[in-house]
Chemist: 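The structure's right below; bear with me while I get my questions together.
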Amino acid sequence: MMVAPGEVLGKASPLLAAGRGAYVNPHNQTIYASITGRRHVIHSPDNNNKRVVQVVGHKARGAVPEPGSIVIARVTKVMPRMASADIMCVGPKSVREKFTGTIRQQDVRATEIDKVDMHLSFRPGDIVRALVLSLGDARAYFLSTAKNELGVVSAESIAGATMVPISWTEMQCPLTGQIEKRKVAKAS
């Protein structure tokens, strides 16, 4: 049976676990597909009673975001409570399909969540490093930049120059000296 990302594959239990191409939502213990492909249920290699539901995708696809993976994405739109981004890479591998991510206000940073201003954290065109939390709503992955090493890794100033990070919350244009607010990723 063919499935798409976000489709329910079953309920996680002591007898059923998520395998490749699938993940468990910890809030409702439901197993979802994380890639497009065929749904298969196999016996667990380590336990005869347990079964594993997995999704086997076609070989031509590129990398696919899964909960827990680190992605590189380009911010496309910033709204008061969230930012949208197109996912370009999963780890070191580029994606071939279009994947959209959403960074919600509560997932921007770990502290003072209620004081986060999305327009002072991201701008359209920014390149961000983010953690995939889950497959969210409307086929967009929920992303987080709440760790120090996550956030804006590259941004262009109004003058068109690549900005330089000067703190965790600011980047500076090397041409004009203009300082802009961002949720900056700590260099790794």
Side-chain angles (χ1 to χ4, degrees), residues 4-6 23 25-27 32-36 61-188:
Y23 68 94
N25 180 329
H27 299 293
Y32 294 93
S34 62
I35 62 173
T36 301
R61 67 172 166 74
V64 175
E66 291 190 354
S69 56
I70 299 293
V71 298
I72 301 295
R74 180 184 311 274
V75 175
T76 55
K77 187 176 182 183
V78 180
M79 293 154 278
R81 298 180 57 83
M82 64 186 206
S84 297
D86 289 338
I87 297 171
M88 302 182 305
C89 298
V90 178
K93 297 180 181 174
S94 64
V95 297
R96 293 191 186 163
E97 299 173 48
K98 182 179 178 183
F99 296 105
T100 304
T102 299
I103 305 169
R104 298 173 296 182
Q105 184 178 10
Q106 65 264 33
D107 298 323
V108 172
R109 63 182 186 218
T111 59
E112 297 181 319
I113 294 168
D114 54 328
K115 295 181 182 175
V116 170
D117 183 332
M118 296 303 289
H119 295 283
L120 296 179
S121 300
F122 308 104
R123 300 259 173 93
D126 287 357
I127 306 298
V128 297
R129 182 185 305 124
L131 172 72
V132 177
L133 295 176
S134 67
L135 181 63
D137 54 0
R139 301 283 190 252
Y141 289 87
F142 283 147
L143 306 177
S144 170
T145 58
K147 294 182 181 175
N148 288 343
E149 66 272 15
L150 304 176
V152 176
V153 293
S154 178
E156 193 173 287
S157 70
I158 296 167
T162 300
M163 294 200 298
V164 179
I166 56 173
S167 75
W168 307 121
T169 59
E170 295 176 324
M171 296 183 103
Q172 184 173 25
C173 174
L175 298 178
T176 65
Q178 180 78 28
I179 294 174
E180 294 183 21
K181 296 279 191 184
R182 294 290 200 283
K183 193 303 183 178
V184 180
K186 181 180 176 183
S188 53

Chemist: Could you list all the side chain to side chain donor-acceptor pair (under 3.5 Å) pairs where at least one residue sits in residues 105-121, not counting sequence neighbours?
Modeler: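 Sorted result for residues 105-121: Arg104-Asp107.
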Chemist: With rounding to the nearest 0.5 angstrom, report the CD to OG distance, Glu66 to Ser34.
Modeler: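 Answer for the CD-OG pair, Glu66 versus Ser34, is 3.5 Å.
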Chemist: Please name all residues satisfying side-chain contact (heavy atoms from CB on, under 4.5 Å) with Thr162, sequence neighbours left out, ordered by chain then number.
Modeler: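 Per chain and number, Thr162 pairs via side-chain contact (heavy atoms from CB on, under 4.5 Å) with Ser154.
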Chemist: Let me confirm one number: the CD1-CD distance from Ile179 to Gln172, rounded to the nearest 0.5 Å.
Modeler: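 It comes to 4.5 Å.
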Chemist: To the nearest 0.5 Å, what is the distance between SG (Cys173) and CD1 (Ile158)?
Modeler: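 Atom-to-atom, Cys173:SG and Ile158:CD1 are 8.5 Å apart.
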Chemist: Please list, chain by chain and in numerical order, all residues satisfying side chain to side chain donor-acceptor pair (under 3.5 Å) with Tyr23, sequence neighbours excluded.
Modeler: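 By the side chain to side chain donor-acceptor pair (under 3.5 Å) rule, Tyr23 matches no residue at all.
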Chemist: Can I get a per-line list of side-chain donor-acceptor pairs under 3.5 Å for residues 71-92, giving both atom names and the distance, sequence neighbours left out?
Modeler:
residue: Thr76; atom: OG1; partner: Ser84; partner atom: O; Å: 3.2

Chemist: Calculate, to the nearest 0.5 Å, the distance between atoms CG and CD1 belonging to Leu133 and Ile103 respectively.
Modeler: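 Between Leu133 CG and Ile103 CD1, I get 10.0 Å after rounding to 0.5 Å.
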Chemist: Specify the closest pair of heavy atoms between Gly6 and Tyr32, including all atoms of both residues, with the distance to one decimal.
Modeler: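 Residues Gly6 and Tyr32, closest heavy atoms: O-CD2, 3.2 Å.
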Chemist: Search all heavy atoms of Thr36 against all heavy atoms of Pro5 and return the closest pair with its distance.
Modeler: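 For Thr36 and Pro5, the tightest heavy-atom pair comes out as OG1-CD, 3.2 Å.
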Chemist: Can you run down the salt bridge (Lys or Arg N to Asp or Glu O under 4.0 Å) pairs that involve residues 150-163, sequence neighbours left out, and say none if there aren't any?
Modeler: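 For residues 150-163: none.
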Chemist: Can you see which heavy atom on Ala146 is nearest to which on Ser144, and at what distance?
Modeler: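 Closest heavy-atom pair between Ala146 and Ser144: N-OG, 3.1 Å.
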Chemist: Would you mind listing every salt bridge (Lys or Arg N to Asp or Glu O under 4.0 Å) that reaches into residues 165-183, with sequence neighbours excluded?
Modeler: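 Qualifying pairs, neighbours excluded: Arg123-Glu180, Asp126-Arg182, Glu170-Lys181, Glu180-Arg182.
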Chemist: Testing Ile113, Leu143, Thr145, Leu150 for side-chain contact (heavy atoms from CB on, under 4.5 Å) with Val108, which one passes?
Modeler: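 It is Thr145, the one option of Ile113, Leu143, Thr145, Leu150 that forms the side-chain contact (heavy atoms from CB on, under 4.5 Å) with Val108.
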Chemist: Could you give the distance from OG1 (Thr100) to OH (Tyr141), rounded to the nearest 0.5 Å?
Modeler: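 Reported value, rounded in 0.5 Å steps: 10.0 Å.
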